[in-house]
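Before any comments, here is the structure.
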Amino acid sequence: SSKVNSGGISSTSSVVGMLTAKVESGPSSKQKVYQRMFEHLGMGDHTTVANLIVTKVGNNLKFWPEDTEIVQKTLDLLLDMAGGYSSSKLLLTLDTVKFLARHHTEDHFPFLGVPANVRYRTTFHATLARLLLSPTGSEKLGLTFEQFAEPIVNTLKQLGSLSPNDLRNEAARRPLIGVFRDLRGIASSLHNRKSYALLFELLHPNHLPLMAKVADAWHDQIDVIVSLLRFLQEFCSNKANRVNFDQSSANGILLFRATSDVVCAFGRRLLATPRPEGDIYKLRYKAMALSLSVLNSALSGSYVCFGVFALYNDPCLDNALDVALQMILSAPVEDVIAYPKLSKAYFAFIEIFFRNNIKSVLALDTGILMQLMNAVHEGLQASDPQLSSLCANSIDHLASFYYDNANKDKVEMHNLNKHLAAQPNLFSSLTSTLFNLLLFGAPQHHWAVIKPMLSLMLASESSFTAYKDHLISTQTPENRQALNDAFAKLLLDVQRSLDSANRDRFTQKLVTFRVAVRGFLTL
């Protein structure tokens, strides 16, 4: 097999797409061009040409395992072909593809055993799973999902039978990385409830417990733990509502319990490890961010009734929240802001925590809650609007809860009032920051910070009044009346309510207020 040039593989992809386009009402002008080209080449019709290309793909994967560029471009081409409707149907008829689907192991394709190619295992298995799970894939390939996954299941069985000491042995490193990379590829191609259930039933109950054992044994080895966490992040993601079990099924709870076990096993080990010297992101924050992302996916997936855990005294939810909270508290805010992937997972967890577990939030010690609010205050002013939005939503959850429950005799309100008594300037400082970002901040912040303004104003009218009076006092005499009138228009017809209609009305008023005030406001 001759070595392809750097552009050959990628340019072939568009050709194959055109070749395999289904003709419904006669060929298009582009199809006519390609038909003429094939006639001149004398290579046969589009099926013959596609078969030549796919055979070349198979040969590249067999005979160039050490050349990562060839492996990458070859697999990218195969993935592109599998992604097209007509081209994927054509692939299912080819003997090379049938061979790939039945023999996706290192014995037949040595590139799978080359450490430099480990990331391409994911692409390879994603492509094969996409073909197999297409409407006629299993029938055309003569292969069930269970038969396709058999080599992976066999590896999981071997790893699951190892003692903790043997599991941590260096001989287990490559199989662990490989099997989680393969599973991640398969999981990324599951786009509906039926296909997701196939993988879940394959892993539960025999193989999910292995993951917590791996997280505990390999917590300090970034290549192993990242492979595990990235698979779990994909597996827990409820994209296209694919994680959708029957009403009588406990599978959602079981999935969360397995996820909690992994996050807790890794997190506790991480927290017990001293801060490392060297590249702090690679050695600590990368895996921390992934573990938070895994938990975020599980917490926001809408496939678990979390009230069940407290009802039946199951600690897995509380354990996961506690470990995640300890992890984020262990990271200085300046470090969090410095690493984008960490900051997104960090602030996403806080937002979910405030949204779904406000009772637990308010039960925290005042010092810990204020540490979280300080982080939210810093994130609110970050340059990334996604972070600002997450932090603004966290503020909105807290302020909305305060307004909706202000006159109720609830444990949560007693706790919140205790926190506010210890930190009386909390709402006023947040109000000032939000309005300053709206009036003086970069344009990308405006929509991010608008949401909590109404709830914060209703929760603490005195904080809004104090900010308004202070801002007016900083203006020239001729601007003071204009600014006062603008504030009056802002509050006109705004009801004391947090229903969506009133929120939308106030949002429109804030936009108008900002445009009007920025025309004359002086710093």
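Residue numbers run from 1 in the order of the sequence given.
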Dump the intermediate steps for side-chain contact (heavy atoms from CB on, under 4.5 Å) on Asp384 and Lys344, then the final yes or no. CA-CA 10 Å; Asp384 186 345; Lys344 287 175 183 176; 3.4 Å; yes

So Asp216 and Arg168, salt bridge (Lys or Arg N to Asp or Glu O under 4.0 Å) or not? Walk me through it. CA-CA 9 Å; Asp216 182 71; Arg168 176 57 203 245; over 6 Å; no

Applying side chain to side chain donor-acceptor pair (under 3.5 Å) to Gln508 and Asp504, what does each step give before you reach the verdict? CA-CA 6 Å; Gln508 294 171 0; Asp504 292 343; over 6 Å; no

How far apart are the C-alpha atoms of Glu234 and Arg181, what are their side-chain angles, what is the distance that settles it, and do they pass the salt bridge (Lys or Arg N to Asp or Glu O under 4.0 Å) test? CA-CA 11 Å; Glu234 179 63 48; Arg181 290 278 186 171; over 6 Å; no

Begin from the C-alpha positions of Leu299 and Leu317 and carry the test side-chain contact (heavy atoms from CB on, under 4.5 Å) through to its verdict. CA-CA 9 Å; Leu299 290 171; Leu317 174 61; 3.9 Å; yes

So Val511 and Ile450, side-chain contact (heavy atoms from CB on, under 4.5 Å) or not? Walk me through it. CA-CA 9 Å; Val511 173; Ile450 279 177; 4.1 Å; yes

side-chain contact (heavy atoms from CB on, under 4.5 Å) evaluation trace for Arg268 with His219: CA-CA 10 Å; Arg268 286 168 180 153; His219 67 96; over 6 Å; no

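Rounding to the nearest 0.5 Å places CG of Leu290 at 12.5 Å from CG of Leu295. The CG atom of Leu364 sits 7.5 Å away from atom OG of Ser360, with the distance rounded to the nearest 0.5 Å. Expressed to the nearest 0.5 Å, how far CG of Leu228 lies from CD1 of Ile177 amounts to 11.0 Å. Residue Leu369 holds its CG atom at 7.0 Å from CG of Leu362, rounded to the nearest 0.5 Å. Summarising the geometry, atom CE belonging to Met453 is positioned 9.5 Å from atom CZ belonging to Phe464; distances are rounded to the nearest 0.5 Å. One finds the CG atom of Leu232 at 12.5 Å from the OG atom of Ser227 (value rounded to the nearest 0.5 Å).
At distances below 3.5 Å, not a single donor-acceptor pair connects side-chain atoms of Ser428 with backbone N or O atoms of Ser463. At least one donor-acceptor pair closer than 3.5 Å links the side chain of Ser260 to the backbone N or O of Cys316. A donor-acceptor pair is defined here as one N or O able to donate and one able to accept, closer than 3.5 Å; such a pair exists between the side chain of Ser189 and the backbone of Ala126. The closest donor-acceptor contact from the side chain of Ser87 to the backbone of Gly83 lies at 3.5 Å or more, if one exists at all. Judged by distance alone, with hydrogens and angles left aside, the side-chain atoms of Trp218 form no donor-acceptor pair with the main-chain N or O of Asp223 at under 3.5 Å. Asn484 contributes no side-chain N or O that, together with a main-chain N or O of Arg480, makes up a donor-acceptor pair within less than 3.5 Å. Remark: the backbone N or O of Ala345 is paired with a side-chain donor or acceptor of Asn296 at under 3.5 angstrom. Judged by distance alone, with hydrogens and angles left aside, the side-chain atoms of Asp499 form a donor-acceptor pair with the main-chain N or O of Ala501 at under 3.5 Å. Judged by distance alone, with hydrogens and angles left aside, the side-chain atoms of Ser388 form no donor-acceptor pair with the main-chain N or O of Gln381 at under 3.5 Å. Here the side chain of Lys509 pairs no donor or acceptor atom with the backbone of Asp493 at under 3.5 angstrom.
For an aromatic pair to be called close, the ring centres must be under 6.0 Å apart, and Phe354 with Phe401 fails this. Note: Phe513 and Phe487 meet the aromatic proximity criterion, with ring centroids under 6.0 Å apart.
Of all the heavy atoms in Ser400 and Ser455, the pair that sits closest is OG-CB, 3.4 Å. For the residue pair Leu229 and Ala287, the shortest heavy atom distance occurs at CD1-O, 3.5 Å. Nearest heavy atoms, Gly379 versus Ile337: CA-CD1, 4.2 Å. Residues Arg275 and Ile280 share a closest heavy-atom pair of CG-CD1, 3.8 Å. Heavy-atom minimum distance, Phe427 versus Ala459: CE1-CB, 4.3 Å. The two residues Leu454 and Ser497 have their closest heavy-atom pair at CD2-O, 3.6 Å.
Under the 4.5 Å side-chain criterion, counting only non-hydrogen atoms from C-beta, Leu483 is in contact with Phe520. In this structure, Cys391 and Phe347 have side chains that are in contact, with non-hydrogen atoms separated by less than 4.5 Å. Side-chain contact between Leu167 and Leu210 is present, with at least one heavy-atom pair separated by less than 4.5 Å. For the pair Phe435/Met457, a side-chain contact is recorded, criterion being any heavy-atom separation below 4.5 Å from C-beta on. Using a 4.5 Å cut-off on side-chain heavy atoms (C-beta onward), His207 and Leu183 make no contact. Within the 4.5 Å cutoff, the side chain of Leu255 has no heavy atoms near those of the Val304 side chain. Asp396 is not listed as a side-chain neighbour of Leu456, based on a closest heavy-atom distance of 4.5 Å or more. Residues Phe231 and Val179 have side chains not in contact (no heavy-atom distance under 4.5 Å, counting atoms from C-beta outward).
Surrounding NZ of Lys410 are more than 12 heavy atoms belonging to other residues, nucleotides or ligands, all under 6.0 Å away. Heavy atoms of other residues, nucleotides or ligands lying less than 6.0 angstrom from CD of Glu478 number more than 12. Within a 6.0 Å sphere centred on NZ of Lys489, heavy atoms belonging to other residues, nucleotides or ligands number 12 at most. Counting non-hydrogen atoms of neighbouring residues, nucleotides and ligands closer than 6.0 angstrom, the NE2 atom of His414 exceeds 12 such neighbours.
No option in Arg121, Arg119, Arg230 other than Arg121 meets the salt bridge (Lys or Arg N to Asp or Glu O under 4.0 Å) test with Asp182. Screening Phe256, Tyr303, Phe200 for a ring pair (Phe, Tyr, Trp, His ring centres under 6.0 Å) with Phe245, the sole residue that qualifies is Phe200.
Counting only residues at least two apart or in different chains, side chain to side chain donor-acceptor pair (under 3.5 Å) contacts with residues 511-523 comprise His446-Arg514, Gln475-Thr522.
With no hydrogens or angles considered, a side-chain donor-acceptor pair links Gln481 and Asp485 at under 3.5 Å. Between the side chains of Thr433 and His377, at least one donor-acceptor pair of N or O atoms lies under 3.5 Å. Counting only N and O atoms by type, the side chains of Tyr467 and Asn436 include a donor and acceptor under 3.5 Å apart.
Evaluation of the side chain to side chain donor-acceptor pair (under 3.5 Å) rule for Arg130 yields no partner, not counting sequence neighbours.
Ion pair Arg284/Asp335 not flagged as a salt bridge, since none of the NZ, NE, NH1 or NH2 atoms sits closer than 4.0 Å to an Asp/Glu carboxylate oxygen.
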